[in-house]
Engineer: 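Pasting in a structure now, in structure tokens, and then I'll have a few things to ask.
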Protein chains: 2
Amino acid sequence: MSTLWSRSRQAAITEVIAVAMDLFLDKGFEATTFDDIAAAAGISRRSLFRYFGTKEDIVLFHMADEGPRAAAALAARPDDEPVWTALLAILKQIENETGDPARLLKISEMMYGTPSLRARSLEKHLQWQSDLLPEVKRRLATEADLPAIAIIASAVACLDAAGEQWTRARGAIPLADLLEEAFTAVREAR
Amino acid sequence: MSTLWSRSRQAAITEVIAVAMDLFLDKGFEATTFDDIAAAAGISRRSLFRYFGTKEDIVLFHMADEGPRAAAALAARPDDEPVWTALLAILKQIENETGDPARLLKISEMMYGTPSLRARSLEKHLQWQSDLLPEVKRRLATEADLPAIAIIASAVACLDAAGEQWTRARGAIPLADLLEEAFTAVREAR
DNA sequence: GGCCTGTCTGGCACTAAGTGTCAATCAGGC
DNA sequence: GCCTGATTGACACTTAGTGCCAGACAGGCC
């Protein structure tokens, strides 16, 4: 638990991600190899594999802690707020990304345009099911897992659909609006 | 369009899938290599790659045409049936798998237990969004894509969640019941 | 029957992902 | 300054996946 070490490791990871992202956006995700990234980052291929097991992990690194963050945000919502409303609220909040919008758009285009990345992103969202499960069950006041999981999975599906539309619209429509539209459509579906 | 050839190719594919599945269920999916499958099927590795680009494709081969089939089934539902109800009906119908239940359960366990397989399965389900989009839009009487996509994505998410619970319960509860429970939970969520 | 043509096959070679091993190195505690 | 534990980079190896090419093979045509 060496704090200095953790900090320099963290710095190294951040640095590698920045370098790799530049390469991905420049040459394309699939066309960029681990060797390219390692060379550009000035570390050995083997060490790069120790930081990130796959290329997808580099792109999705920042998504790793979103599940627990979402769970915390959900627990912080008022107790009497209906689940679906609360989920919409926290997704709007979590996905309120910061940083250069143009770059974010290019990354999104890469994500939705690269099958392996898209798949990994779906997997990460899958993880949210277990992260959010306890709190959603509490709000539903039920013992059964399935209703809670179905609701979480649907909410995440809405997030994914809204994200794709946001990308298609080249960021012209705020994600929060699209999210609201998606949530409303599902809520009113019969 | 040589019919004789199509038939023998189809037979070869069916044969390879059967052989590969036995290996997967015996040794595990990840532990089985293309070389193993090619040897067991009596064809060259190179030819095997021509039939199936990836190991995942072998397992998910039968899922390939489910999207269009679902679209056709949806179009066949009564016009005045609400979308969510119609979607539930066709999913019950489509997923009414035939064959040895014990084997099906083992395959499901492999699917939900192998990340790369799970990811590919999610990708396949993603494809349903475009397959079902026209018919769902027609039923919603809307021009906008997002509401329809959100509803389809949620329905598929319910299918996935129900499938996972079915597997967890070792097939004890009929998938149709779980599907109904999931759809109801989402419909009633506020 | 023999030939032509297009397709399928298998073998070879190659790139790239991903993993195990091991010696060298580096940072911090004593 | 030395010891110890973790990190690193180099090497070797397996596996996925692809390009290329020569040979087999089936059907159509003369």
Side-chain angles (χ1 to χ4, degrees), chain A residues 1-17 19-21 23-24 26-61 64 110 114-121 123, chain B residues 1-17 19-21 23-24 26-61 64 110-111 114-121 123-124:
Chain A
M1 191 177 286
S2 151
T3 49
L4 171 72
W5 170 240
S6 325
R7 263 177 297 160
S8 70
R9 179 188 173 89
Q10 194 54 48
I13 286 180
T14 308
E15 170 72 12
V16 169
I17 291 178
V19 167
M21 278 299 182
L23 285 174
F24 290 152
D26 184 36
K27 309 174 45 174
F29 181 76
E30 326 234 74
T32 306
T33 71
F34 257 94
D35 282 301
D36 294 337
I37 303 167
I43 60 176
S44 75
R45 207 178 76 102
R46 193 65 185 86
S47 291
L48 183 54
F49 272 115
R50 282 194 192 96
Y51 286 144
F52 307 96
T54 67
K55 278 197 291 184
E56 289 79 20
D57 287 346
I58 301 181
V59 179
L60 302 177
F61 183 79
M110 186 172 78
T114 311
S116 70
L117 265 179
R118 182 78 190 267
R120 284 299 269 263
S121 151
E123 268 190 286
Chain B
M1 188 161 291
S2 150
T3 49
L4 171 74
W5 170 240
S6 326
R7 262 178 296 159
S8 71
R9 179 188 172 90
Q10 194 53 50
I13 287 181
T14 308
E15 170 70 13
V16 169
I17 291 178
V19 167
M21 278 299 181
L23 285 173
F24 289 153
D26 183 37
K27 310 174 47 175
F29 180 76
E30 327 234 72
T32 306
T33 71
F34 258 98
D35 282 303
D36 295 337
I37 303 167
I43 60 175
S44 75
R45 206 179 78 101
R46 193 64 188 85
S47 291
L48 183 54
F49 271 116
R50 276 196 270 262
Y51 286 145
F52 307 97
T54 67
K55 277 198 291 184
E56 289 79 20
D57 287 345
I58 302 181
V59 179
L60 301 178
F61 182 79
M110 186 172 79
M111 291 253 302
T114 310
S116 69
L117 265 179
R118 183 79 192 266
R120 283 299 269 264
S121 151
E123 269 189 285
K124 293 268 181 192

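Below, chains carry the letters A, B, ... as their sequence lines are ordered, and counting in each starts from 1.
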Engineer: For A:Ser121, check side chain to side chain donor-acceptor pair (under 3.5 Å) against everything at least two apart and list the hits.
Structural biologist: none
Engineer: Looking at residues at least two apart in the chain, or sitting in another chain, which of them share a side chain to side chain contact (heavy atoms under 4.5 Å, CB included) with B:Glu15?
Structural biologist: B:Val19
Engineer: According to salt bridge (Lys or Arg N to Asp or Glu O under 4.0 Å), does anything in residues 41-50 of chain B pair up with another residue at least two apart or in another chain? List the pairs.
Structural biologist: none
Engineer: Between D:dT8 and A:Ser47, is there an OP1 or OP2 to side-chain N/O distance shorter than 4.0 Å?
Structural biologist: no
Engineer: A:Arg9 has an atom CZ; how far is it from atom C1' of D:dT7, in whole Å?
Structural biologist: 9 Å
Engineer: Give a yes/no answer on whether the side chain of A:Tyr51 brings an N or O atom under 4.0 Å of OP1 or OP2 in D:dT7.
Structural biologist: no
Engineer: Restricting to side chain to side chain donor-acceptor pair (under 3.5 Å), what partner residues turn up for B:Arg120, sequence neighbours left out?
Structural biologist: B:Thr54, B:Asp57
Engineer: For every nucleotide of nucleotides 12-24 of chain D, 5' to 3': is a protein heavy atom under 4.0 Å from its base (B), only from its sugar-phosphate (S), or from neither (-)?
Structural biologist: ---SBBBBB----
Engineer: Using the test side chain to side chain donor-acceptor pair (under 3.5 Å), find all partners of A:Lys27 that sit at least two apart in sequence or belong to another chain.
Structural biologist: A:Asp36
